[in-house]
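Remarks on the structure that follows.
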Protein chains: 2
Amino acid sequence: MLETTNERAAMPAVSAAQGRTATSGGAQRRRAGRPSAAVLDKAGITAAALKLVSRKGYDGLTMAALAKVLDVAPSALYNHVASKQDVLLLVEDHLMSLVDVSGFGSDSWEDAVRAWAWSYRDVFAEHTPLIPVIAVLPVTDAPQTLAMYETVSKGFSDAGFPQDRIIPSIVALESFIFGSAYDVTAPEDIFDAGSMAESTPYFTAAVRSSASGQDAPAGQERGRPADTAFHLGLEALIAGFGAIRK
Amino acid sequence: MLETTNERAAMPAVSAAQGRTATSGGAQRRRAGRPSAAVLDKAGITAAALKLVSRKGYDGLTMAALAKVLDVAPSALYNHVASKQDVLLLVEDHLMSLVDVSGFGSDSWEDAVRAWAWSYRDVFAEHTPLIPVIAVLPVTDAPQTLAMYETVSKGFSDAGFPQDRIIPSIVALESFIFGSAYDVTAPEDIFDAGSMAESTPYFTAAVRSSASGQDAPAGQERGRPADTAFHLGLEALIAGFGAIRK
DNA sequence: ACCACTAAATGAATGGCATTCATTTATTTA
DNA sequence: TAAATAAATGAATGCCATTCATTTAGTGGT
């Protein structure tokens, strides 16, 4: 959406005839020089990066690997993005469009925030390496991100929040969401005290009883431990912020 | 504290005579082979890593730079740590000892949590690159971290929390704290919509009014925007969790 | 007192990484 | 039609974590 979004369409006939060396077969090299039809654009780079991440994780997202998926030399990427950070930014902005803001405008403020927060957390739990990027990067050239903030801001405003409390409330919720996204990826045994269990009786007891709590005693969250904590914190924040409204 | 903590003391006389090549001057090379007195230990590596981070930031924390500070070949580090992750873990555990848990046992639960959370956030705001490490890493061989959890767990228990709610509550608070630590490092203009300001009226208005709010209208937080959001969220969580106690 | 073992250092690779630059070719613009 | 610009290749560059062979020094067992 940032530019003329080429939609990743190729003209196989022409480009195969002009852009490839003679020796047939799938993985041929393109000859040097500008090709007749552009091979790369931001939308294509973003899509390829997402595919790569879903297949190999963020460790597998290297400029070299990205270039290979796009069948291009690594240096070619730099005609379209300034750096790898730039690629991460493209991915991040795309992911923001997956966050559910549909509740704002239809549901109650509480329900809209609930749906938004859970989907926001779920999206970034799969993409935690982006969190340091998002948390610090200006929103300026991230249109989807901006669109999300606009919808949420309007939702808060319509719900009766005073102007000057809207951003701080959203920021606090986001902070909780980002932290909770990490929590989802934590290993099961993260709180295993190991050999030091004897010297940490209160902690060890608490860990034990939180892990083996009774299963779903009517309307209670019971799934991954991360879900219990997220539910607990989110409801506290919603209750607390709900009281701000006039 | 993990082992016989050498305290970084050196025996200049002996080591200078036996461990150095003849050519005098400060930056001489040690000759190959095991030195009479061990040069490295975990405490020393931790201290050097912290010094390096405070001087050059986390980008400057490389195994090579760390080795240089310790006047050692990079490969020597691997006799004491298995990887760079291991170094980060040492640093992380050290930082946990800086978190203020002194309120638990003396102050009210609310005040103890307040002091704990603010100091926790402040410590890691200076060390955000560690957050992905902490959030996912088992607590097993991190004694200071474990000690912190023990104190906090006891505080919650003494305050009347049901056993099975203690860990989820702490996890939710930590999630909020980690996310908020990132927020502290965000640039001032992070919410600048730039050229798209016209298409995001609600968001833009909210940003403007949160930035230029009236200054400290009696007991209100007014400092960095991050502090406003942190205060707001923390008080909501404390109020919400406080109601859990019997 | 000797000998095998282990611990702790050096120094020289290794392979992966993001990024840059000179060069080539095609398209767009003046 | 000539100059400028855009988009590709391919060959560096420099940094990084990590490994390995080698050297030297202390340690435990007989």
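Nothing here was measured: the structure is a model prediction, and the numbers come from that model. Reckoned from all heavy atoms, side chains included, excluding hydrogens, waters and symmetry mates. Every chain is numbered from 1, with letters handed out A, B, ... down the list of sequences.
Counting only N and O atoms by type, the side chains of Glu174(A) and Tyr149(A) include a donor and acceptor under 3.5 Å apart. Checking Asp93(A) against Thr145(A) by side-chain atom types alone, a donor-acceptor pair falls below 3.5 Å.
Going from atom CG of Asp71(A) over to atom P of dA7(D) covers 18 Å, rounded to whole Å. As a whole-Å value, the separation of Asp59(B) CG from dC16(D) P is 9 Å. When the C1' atom of dA18(C) is taken as reference, atom CG of Leu88(A) falls 12 Å away, rounded to whole Å. Look at CD on Gln85(A): it is 17 Å from P on dC17(C), rounded to the nearest Å. When rounded to the nearest whole Å, the span between CG of Leu61(A) and P of dC17(C) equals 11 Å. Taking atom OH of Tyr78(B) as the reference point, atom C1' of dA7(C) lies 18 Å away to the nearest angstrom. In this structure, the CE atom of Met63(B) is 21 Å from the P atom of dA13(C), given to the nearest Å.
Using a 4.0 Å cut-off, some side-chain N or O of His80(B) falls inside it from OP1 or OP2 of dA9(C). Of the side-chain N and O atoms in Arg31(A), none sit less than 4.0 angstrom from OP1 or OP2 of dT23(C). Remark: Arg34(B) is not in phosphate contact with dG26(D), judged by side-chain N or O atoms under 4.0 Å from OP1 or OP2.
In the set dT18(D), dT10(C), dA8(D), the nucleotide with an atom closest to the side chain of Ala76(B) is dT10(C). In the set dT10(C), dT18(D), dA9(C), dT10(C) carries the atom at the smallest distance from any side-chain atom of Ala73(B). Minimum atom distance to the side chain of Val72(B) is reached by dT10(C), of the listed dT10(C), dA8(C), dA17(D). Comparing atom distances between the Leu40(B) side chain and each of dA8(D), dA9(C), dT19(C) picks out dA9(C) as nearest.
Taking 3.5 Å as the limit, the base of dA6(D) and the side chain of Asn79(A) contain no donor-acceptor pair of atoms between them.
With a 6.0 Å radius and a threshold of 12 heavy atoms from other residues, nucleotides or ligands, Lys84(A) has its NZ atom above the threshold.
The aromatic rings of Phe230(B) and Phe176(B) lie parallel to each other, their planes meeting at an angle below 30°, with 60° marking the opposite boundary. By the 30° and 60° cut-offs, the orientation of the rings of Phe191(A) relative to Phe203(A) is perpendicular.
If you check every strand for non-hydrogen atoms under 4.0 Å, Ser75(A) touches a base.
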